[in-house]
Amino acid sequence: MPSLVSDAVDAYIVRRLNARLQFLLLQRRADAPLGSSWQAIHARVLSDETALGAAERTLLETTGLVPRGTYSADYVNQIYDHARDAIVLIPVFAFEVEAQARIELGPDFLGFEWCERDEATARLLWAGQRW
């Protein structure tokens with residue numbers, strides 16, 4: 001029987017530009033798992049941190065951004081991890097940043113783009129991310 005775990009988080013970065021909401025998508029390096037795909041932020045929760053702490057840590061490590069607003073999304077993503085035979089429940093957070101905030105990408109990514117909702121959802125691989 002699969003176990004039930006919650007040791008990961010998803011985080012989406014948004015900005016308001018000219019009264020429009022945009023989402024930051026990151027493009028993975030070609031030689032990384034799911035290479036060249038577009039994604040938001042995903043991270044494991046370390047044993048000594050909260051889910052929100054993991055999301056904040058990964059936001060800084062991945063983009064260098066500091067949020068001006070933090071929100072718990074009204075959604076919990078879920079996946080089945082076959083390697084662990086586990087159903088993983090993933091809290092989802094949103095971080096709002098300044099419109100002109102400077103992005104410093106971490107080593108796992110080769111690019112980024114700000115996208116409006118329809119374009120962002122078209123680029124994301126998984127239904128849980130598009131929701």
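Just so you know, these numbers use all the heavy atoms, side chains as well, and skip hydrogens, waters and symmetry mates. Heads up: numbering here begins at 1 and tracks the sequence.
Between Leu89 and Leu4, the closest side-chain pair of non-hydrogen atoms falls below 4.5 Å. Using a 4.5 Å heavy-atom cutoff, the side chains of Arg28 and Trp38 are not in contact.
Leu110 and Trp114 are not part of a single hydrophobic cluster, where members link through side-chain heavy atoms under 4.5 Å apart. Leu124 and Leu105 fall into different hydrophobic clusters, where Ile, Leu, Val, Met, Phe, Trp and Tyr residues are linked whenever their side-chain heavy atoms come under 4.5 Å apart, directly or through other members. The same ILVMFWY cluster, assembled from side-chain heavy atoms under 4.5 Å apart, contains both Leu24 and Leu59. Tyr12 and Tyr75 fall within a single hydrophobic cluster, where Ile, Leu, Val, Met, Phe, Trp and Tyr are joined by side-chain heavy atoms under 4.5 Å apart, directly or via other members. Cluster annotation: Leu52 and Ile41 are assigned to the same hydrophobic cluster (Ile/Leu/Val/Met/Phe/Trp/Tyr, side-chain heavy-atom contacts under 4.5 Å, transitive).
Here the shortest heavy-atom pairing between Phe112 and Leu26 reads CB-CD2, 3.9 Å. Nearest approach of Ala51 to Pro91, heavy atoms of both residues: CB-CG, 4.1 Å. Between Cys115 and Ala120, the closest heavy-atom pair is CB-N, 3.8 Å. The nearest pair of heavy atoms linking Pro67 to Val97 is CA-CG1, 4.2 Å. In terms of heavy atoms, Ser36 sits closest to Gln27 at O-NE2, 3.1 Å.
Among residues two or more places apart in sequence or in another chain, the side-chain hydrogen bond (donor to acceptor under 3.5 Å, both in side chains) test is passed with Asp74 by none. Looking at residues two or more places apart in sequence or on another chain, you find a side-chain hydrogen bond (donor to acceptor under 3.5 Å, both in side chains) between Asp85 and Tyr80.
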Return all side-chain donor-acceptor pairs below 3.5 angstrom for residues 14-22, not counting sequence neighbours, or 'none' if the list is empty.
| residue | atom | partner | partner atom | Å |
| --- | --- | --- | --- | --- |
| Arg15 | NE | Gln22 | OE1 | 2.7 |
| Arg15 | NH1 | Ala99 | O | 2.9 |
| Arg15 | NH2 | Gln22 | OE1 | 2.8 |
| Arg16 | NE | Glu96 | OE2 | 3.2 |
| Arg20 | NE | Glu116 | OE1 | 3.1 |
| Arg20 | NE | Glu116 | OE2 | 2.8 |
| Arg20 | NH2 | Glu116 | OE1 | 2.8 |

- [ ] Given side-chain contact (heavy atoms from CB on, under 4.5 Å), test Val92 with Val9 step by step and report yes or no.
- [x] CA-CA 6 Å; Val92 179; Val9 293; over 6 Å; no
- [ ] Test side-chain contact (heavy atoms from CB on, under 4.5 Å) on Thr50 and Val45 and set out the steps.
- [x] CA-CA 7 Å; Thr50 64; Val45 179; over 6 Å; no
TODO: In sequence, state the C-alpha distance, the side-chain angles, and the governing distance for Val5 and Arg84, and then conclude on side-chain contact (heavy atoms from CB on, under 4.5 Å).
DONE: CA-CA 10 Å; Val5 298; Arg84 298 188 290 172; 3.8 Å; yes
Open item on the list: side-chain contact (heavy atoms from CB on, under 4.5 Å), that's the test. Do Thr63 and Ile13 meet it? Break it down for me.
Closed with: CA-CA 10 Å; Thr63 66; Ile13 304 162; 3.9 Å; yes
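No donor-acceptor pair closer than 3.5 Å links the side chain of Ser72 to the backbone N or O of Phe93. In this structure, Glu113 contributes its side chain and Leu25 its backbone to no donor-acceptor pair below 3.5 Å.
Salt bridge annotation for Arg29-Asp108: present, with a cationic side-chain nitrogen under 4.0 angstrom from a carboxylate oxygen. The pair Glu119-Arg117 does not meet the salt-bridge criterion, since no charged nitrogen lies less than 4.0 angstrom from a carboxylate oxygen. Salt bridge absent: Asp118 and Arg123 never bring a charged side-chain N and a carboxylate O closer than 4.0 Å.
Atom CG of residue Asp10 and atom CD1 of residue Ile90 lie 5.0 Å apart, to the nearest 0.5 angstrom. To the nearest 0.5 Å, atom OG1 of residue Thr62 and atom CZ of residue Phe109 are 5.5 Å apart. To the nearest 0.5 Å, the span separating CG on Leu65 from CD on Glu56 amounts to 13.0 Å.
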